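Encoded as structure tokens, the structure appears first; notes follow it.
In listed order, ligands and their atoms are each counted from 1. Owing to the predicted nature of the structure, the values given are computational and were not obtained by experimental measurement.
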Amino acid sequence: MPTFHSLTPADLKPSEWHPFLVGAVAPRPVAFVSTVDAKGRVNLSPYSFFNAFSSNPPILVFSPANRVRDNTQKHTLQNVREVPEVVINICDFAMVEQMSLASTEYEKGVNEFTKAGLTELASELVQPPRVAEAPAAFECVVEQVIELGHNNGAGNLVICRVVRAHFRTDILLPNATGIDPFKLDAVARLGGDWYCRASGPSLFEVPKPNRHIGIGIDQLPEYIRNSDVLTGNELGRLANIELDAMPTAEQVEDFRTEPLVAYTLNKYRSDTPELEKQLLQLGRQYLAEGKLVEAWKGLLLIGPSRT
Ligand SMILES: Cc1cc2nc3c(=O)[nH]c(=O)nc-3n(C[C@H](O)[C@H](O)[C@H](O)COP(=O)(O)O)c2cc1C
């Protein structure tokens, strides 16, 4: 068992607790929020206490905290109370430094579009402008503000309903059916000054289990479940197979003639423990190539001697 450093937030100063919270609840997407005050003065600030919470109705929530320094409220929150409309712009890698610059605590009324060198684009349905450079922008009306406390650092949930959204055409999937994750190039916030970039080799797919019923890890043969070779992720992928999709005994037998399998069976025919290890490794290899059924066939070849 690993060891754990366990904490009770109430026992710590907020400044001691905060790095653990934001360090572990990470990475968080960044809402780059534009607002206007009652005089129409524009504000633009980033918030990583942010996410989408409902698709229908389309609800996004971000949370400006009361300033830790003096328990005052951020300009974004003040503006939302004056004009309950926001644009939530999505921050990509190309603008991450400008977004960070916009988080500077400028005086109220200072327009961070100007400070950060970003371009205002008029919104269609709300008063705050959107960021022309952002790959996606959500025009929202603010439905509710929920104060989570009154202390320094207490969050205020700004519950926003999307009324119009804009997606740069170069980030779209073919036929505009959604967003291409390789093209979005989104950034996210971790603890301290750390960010990450969702692009290139850091992107991977995990097939959704919601359209079918996977068998579950408890149903894996014991020699697979308890092997020293397969990782938790690999067991998870194997267990995501539907019962109907499992290869039949005949298909498993036929698999013996696959060149790589035949070679392995022949090479280790007189060393059963090593053969089992090699078949487990072969299963991993098929999994890594996204070939779930082949992985199962290879692993079930171990079966007859074990079950
Ligand atoms: C990436 C990033 C994420 C941030 N997330 C939050 C947050 O979730 N809540 C918060 O209160 N401040 C957050 N901040 C700090 C605010 O952006 C900062 O206090 C800003 O000056 C607030 O501007 P305003 O007073 O004009 O609204 C974040 C800063 C950065 C750079």
Counting heavy atoms only, which of [options] is nearest [atom]?
atom	options	answer
atom 13 (C) of ligand 1	G153, G155, P46	P46
atom 19 (O) of ligand 1	R28, E105, H75	E105
atom 1 (C) of ligand 1	F32, Y195, Y47, F62	Y195

Once you restrict to heavy atoms under 4.0 Å, what part of [X] touches ligand 1? Side chain, backbone, both or neither.
X	value
T104	backbone
N43	side chain
A102	neither
S45	side chain
R189	side chain
Y106	neither

Contacting atoms of ligand 1, where contact means under 4.0 angstrom from a heavy atom of [X]:
X	answer
E112	26 (O)
S63	7 (C), 8 (O), 9 (N), 10 (C), 11 (O)
R67	25 (O)
T76	24 (P), 27 (O)

Any chance the side chains of [X] and [Y] put a donor and an acceptor closer than 3.5 Å?
X	Y	answer
H75	E105	no
D70	T72	yes
N156	N66	yes
Q278	E274	yes
N266	R269	yes
N71	H150	no
K108	N79	yes

Side-chain touch [X]/[Y], heavy atoms, less than 4.5 angstrom:
X	Y	answer
I88	C160	yes
V42	V36	yes
Y106	N111	no
C140	V162	yes
R28	F49	yes

Inset, instruction - Go through the steps for N43 and V33 under the test side-chain contact (heavy atoms from CB on, under 4.5 Å), then give the verdict. - result: CA-CA 8 Å; N43 189 282; V33 182; over 6 Å; no
Among all protein heavy atoms, pick the one closest to [atom] and tell me residue, atom and distance.
atom	answer
atom 11 (O) of ligand 1	A65 N, 2.7 Å
atom 8 (O) of ligand 1	F49 N, 2.8 Å
atom 12 (N) of ligand 1	K74 NZ, 3.0 Å
atom 5 (N) of ligand 1	S48 N, 2.8 Å
atom 21 (O) of ligand 1	S103 O, 2.7 Å

Inset, instruction - Return yes when Q78 approaches ligand 1 closer than 4.0 angstrom through a heavy atom, no otherwise. - result: no
Legend entry - K108 to ligand 1, any heavy atom closer than 4.0 Å: no
Please check whether [X] reaches ligand 1 - meaning an N/O of the residue sits under 3.5 Å from an N/O of the ligand, judged on distance alone.
X	result
S100	no
P64	no
M99	no

Inset, instruction - Run the salt-bridge test on E147 and R81 with the 4.0 Å N-O cut-off and return the result as yes or no. - result: yes
